[in-house]
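Comments concern the structure below.
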Amino acid sequence: MSVITRFAPSPTGFLHIGGARTALFNWLFAQHHGGHMLLRIEDTDRARSTDAAVAAIQDGLHWLGLDWQGEPISQFARAGRHAEIARQLLADGKAYHCYCTPSELAEMRETAKAEGRSLRYDGRWRDRAPDEAPKDAAPVIRLKAPQSGATVINDLVQGEVTVQNTEMDDMVLLRADGTPTYMLAVVVDDHDMAISHIIRGDDHLTNAIRQRQIYDLMGWTAPHFAHIPLIHGADGAKLSKRHGALGVEAYRDMGILPAALRNYLLRLGWSHGDDEIIESEQAIAWFDLDGVGKSAARFDIPRLENLNSHYIRSMDEGELCRLLGAQLQHSLDRDLSPVELDRLPLAIGALKERAKTLIDLADKAQFLVAGRPLAMEEKAAGLLTGDAPALLASAHVCLQSVAEWNLDALTAAVRDLAETEGLKLGKLAQPLRAALTGRNASPGIFEVLFFLGRQESLDRISDHMA
RNA sequence: GUCCCCAUCGUCUAGUGGCCCAGGACGCCGGCCUCUCACGCCGGAAACAGGGGUUCGACUCCCCUUGGGGACGCCA
């Protein structure tokens, strides 16, 4: 049997981080087994579905590097097929018309709550004769669910889950307006699309029991279920808007790399021994459902940033330069000059060791594109007091005479100067750093001189010498 | 309220009855390296929710309690 999974978001917003992980697991599982993933948009709630959300979800998936087979499938477009199944169930005596009004149902729930029972529909139309139906009311179609025994699913993550049928009511399949409910639509679509494995959040666990009843009554073989635990916010509560960054594009904007987010999301709820750094190719080879844990995980930004810094350091430098250039242009709100552009590949190796995010990287590259006179940070300004200006004047003279502006020559020149002045290197390096970068922390001072070039370096030094 | 699920360091987790007075990673603390900041390296503090069983032996199996989460819509 070939493996076909599906990612089935409802288009009511961006690609939620939890949804992203669900998509990743579906994708990985399909890839691992040589199958493929389908994308189905659960848009049967017309009032809440938007095209913008559909686009945002696809963008998010693309950015994350997850692909699916064929065109996205609109669930709403298949409403006719769903209704057909509902009518078939009705004709077979496995479903029935129910004429309860919304207020009647609300009342039912309240009474049940007051009496401490579960909030279920009481099945009052289940066995009524058709001629008792009110003339002017449109009915819904409800499933005639089994009333005794139990319904069981063998979940690939959660194990065997059993619910007594007395705990469940007759769910609505088709609304009074003839449109299908989610519960019916998922089952029909998953069946028609030949989905072999349903991998989704465990908030759907009890839904799986209800869906199982439909499969059984239709005489269909149910797919394998795998309900993965939810992701919680850093405070342990359910992830919500109050926790800030939620959509994958928010992480992109924070300067997180797709590879890092993938690795992070993978390790949230799934493990392979003590392995931490797992790139996609390895993940595909290793991923399986038995590595998925059963308990919810909290989202931890420092951990994500740590992984991100790893991927920043290990990614192709040319590609990283391109990302850095784009980020710099964005924050500067101007194009980079050819001279500035040329500094990027020189400095990228030193810069990437120090960055946790792309934003961070651009910030640390700031001195490469800053105009004179340099804006001084407070701690840098402090390094330029006392005999620093005089020291810088000596440095200016010394550096002016450097024949070849390369790392070796610059290292030798600065070290020699420190020695002749009788100073520890730090005494000279810090004022130089301040003058050259406007900060008290940067890549090594010889490198900074090299990246900036002779003219720019001398100019920046002269701005602060006595 | 009813039903379902879950429970190892602050966080993510390894652990499938003896290999565990519990291992790794992030974070944190200390040190080394050092022109600063990072990187890297070395070291440290830090957990089996509680109580009963089962067993020669429980982190591992069973039960209860507690705590957390989820579901109870003509939403998905």
So [X], base contact, sugar-phosphate only, or nothing? Heavy-atom distance under 4.0 Å.
X	result
A:C98	nothing
A:H227	nothing
A:F446	base
A:G269	sugar-phosphate
A:M168	nothing

Can you check the [X] [atom1] to [N] [atom2] distance for me, whole Å?
X	N	atom1	atom2	result
A:L230	B:A71	CG	C1'	11 Å
A:L268	B:A14	CG	P	12 Å
A:L173	B:C74	CG	C1'	11 Å
A:E353	B:C33	CD	C1'	15 Å
A:I231	B:G70	CD1	P	13 Å
A:N154	B:C5	CG	P	13 Å
A:L261	B:C12	CG	C1'	15 Å
A:L436	B:U36	CG	C1'	13 Å

So which one's nearest nucleotide on RNA chain B is more toward 5', A:E42 or A:R21?
->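 Result: A:R21.
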
When you match A:S442 and A:D45 each to their closest nucleotide on RNA chain B, which lands nearer the 5' end?
-> A:S442

Going through the checks in order, is the side chain to side chain contact (heavy atoms under 4.5 Å, CB included) test met by A:I199 and A:R6?
-> CA-CA 8 Å; A:I199 302 171; A:R6 81 326 192 250; over 6 Å; no

Side chains of [Y] and [X]: any donor to acceptor distance under 3.5 Å?
X	Y	value
A:R48	A:S10	no
A:D203	A:H227	no
A:S74	A:R78	no
A:Q430	A:N440	no
A:Q282	A:D275	no
A:Y96	A:D127	no

Lys/Arg-Asp/Glu bridge criterion (N-O < 4.0 Å) met for A:R124, A:E104 | yes

N/O contacts under 3.5 Å, protein versus nucleotides 64-66 of chain B?
none

Going by purine N1 to pyrimidine N3 plus the second Watson-Crick contact, or the G-U wobble pair, all under 3.5 Å, which nucleotide sits opposite [N]?
N	value
B:A76	none
B:C56	B:G18
B:C3	B:G70
B:A45	none
B:C35	none

Starting the side chain at C-beta, find the nucleotide from [options] nearest to [X].
X	options	result
A:N306	B:G27, B:C35, B:C74	B:G27
A:H232	B:G69, B:U36, B:C5	B:G69
A:D300	B:C3, B:A76, B:C26	B:C26
A:E276	B:A76, B:A25, B:C3	B:A25
A:N207	B:A76, B:U11, B:C74	B:A76
A:T44	B:C37, B:C74, B:A76	B:A76
A:R267	B:U13, B:A71, B:C35	B:U13
A:Q430	B:C5, B:G27, B:U36	B:U36
A:R303	B:G27, B:G24, B:C74	B:G24
A:R298	B:U11, B:A76, B:G70	B:U11

Below 3.5 Å, does any donor atom in the side chain of A:R354 face an acceptor in the base of B:C37, or the other way round?
-> yes

Check if the side chain of A:R433 and the base of B:C35 share a donor-acceptor pair of N or O atoms closer than 3.5 Å.
->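 Such a pair is found, so the answer is yes.
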
Apply the test side chain to side chain contact (heavy atoms under 4.5 Å, CB included) to residues A:I445 and A:L436: give CA-CA distance (whole Å), side-chain angles for both, the deciding distance (0.1 Å), then the verdict.
-> CA-CA 9 Å; A:I445 199 62; A:L436 292 166; 4.0 Å; yes

Between [X] and [N], is there a contact of a side-chain N or O with OP1 or OP2 at under 4.0 Å?
X	N	answer
A:R439	B:U36	no
A:R200	B:A76	no
A:T206	B:C3	no
A:R142	B:C74	yes

Pairwise side chain to side chain donor-acceptor pair (under 3.5 Å) hits with a residue in residues 139-149 of chain A, at least two apart | none

In this structure, are over 12 heavy atoms from other groups packed under 6.0 Å from A:E107 atom CD?
->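 Check fails, neighbour count at 12 or below.
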
State whether the number of non-hydrogen atoms from other residues, nucleotides or ligands found under 6.0 Å of A:D51 atom CG is greater than 12.
->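 It does not: A:D51 CG has 12 such atoms or fewer within range.
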
Could you list, one pair per line, each protein nitrogen or oxygen that sits under 3.5 Å from a nitrogen or oxygen of nucleotides 17-23 of chain B, together with the distance?
{"unit_1": "B:G23", "atom_1": "N2", "unit_2": "A:D274", "atom_2": "OD1", "d": "2.8"}

Mind listing the side-chain donor-acceptor pairs of residues 385-395 of chain A below 3.5 Å, one per line with the distance, residues two or more places apart or on another chain?
{"unit_1": "A:T385", "atom_1": "OG1", "unit_2": "A:G382", "atom_2": "O", "d": "3.1"}
{"unit_1": "A:S394", "atom_1": "OG", "unit_2": "A:A390", "atom_2": "O", "d": "3.2"}

Distances for protein N or O near nucleotides 48-50 of chain B N or O, under 3.5 Å:
none

Start with the C-alpha distance between A:D363 and A:K356, add both sets of side-chain angles, then the distance that settles salt bridge (Lys or Arg N to Asp or Glu O under 4.0 Å), and finish with yes or no.
-> CA-CA 11 Å; A:D363 176 62; A:K356 288 197 187 314; over 6 Å; no

Begin with the C-alpha distance, continue with both residues' side-chain angles, and end with the deciding distance and a verdict on salt bridge (Lys or Arg N to Asp or Glu O under 4.0 Å) for A:E305 and A:R303.
-> CA-CA 5 Å; A:E305 289 186 334; A:R303 170 90 169 187; over 6 Å; no

Donor-acceptor contact below 3.5 Å, side chain A:D169 vs main chain A:Y121 |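 Yes, A:D169 side chain to A:Y121 backbone: donor-acceptor pair under 3.5 Å.
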
Are A:H197 and A:F29 an aromatic pair by the rule of ring centers under 6.0 Å?
-> yes

Could you list, one pair per line, each protein nitrogen or oxygen that sits under 3.5 Å from a nitrogen or oxygen of nucleotides 43-45 of chain B, together with the distance?
none

Is A:R267 close enough and on-axis enough to A:Y264, meaning under 6.0 Å and within 45°, for cation-pi?
-> no

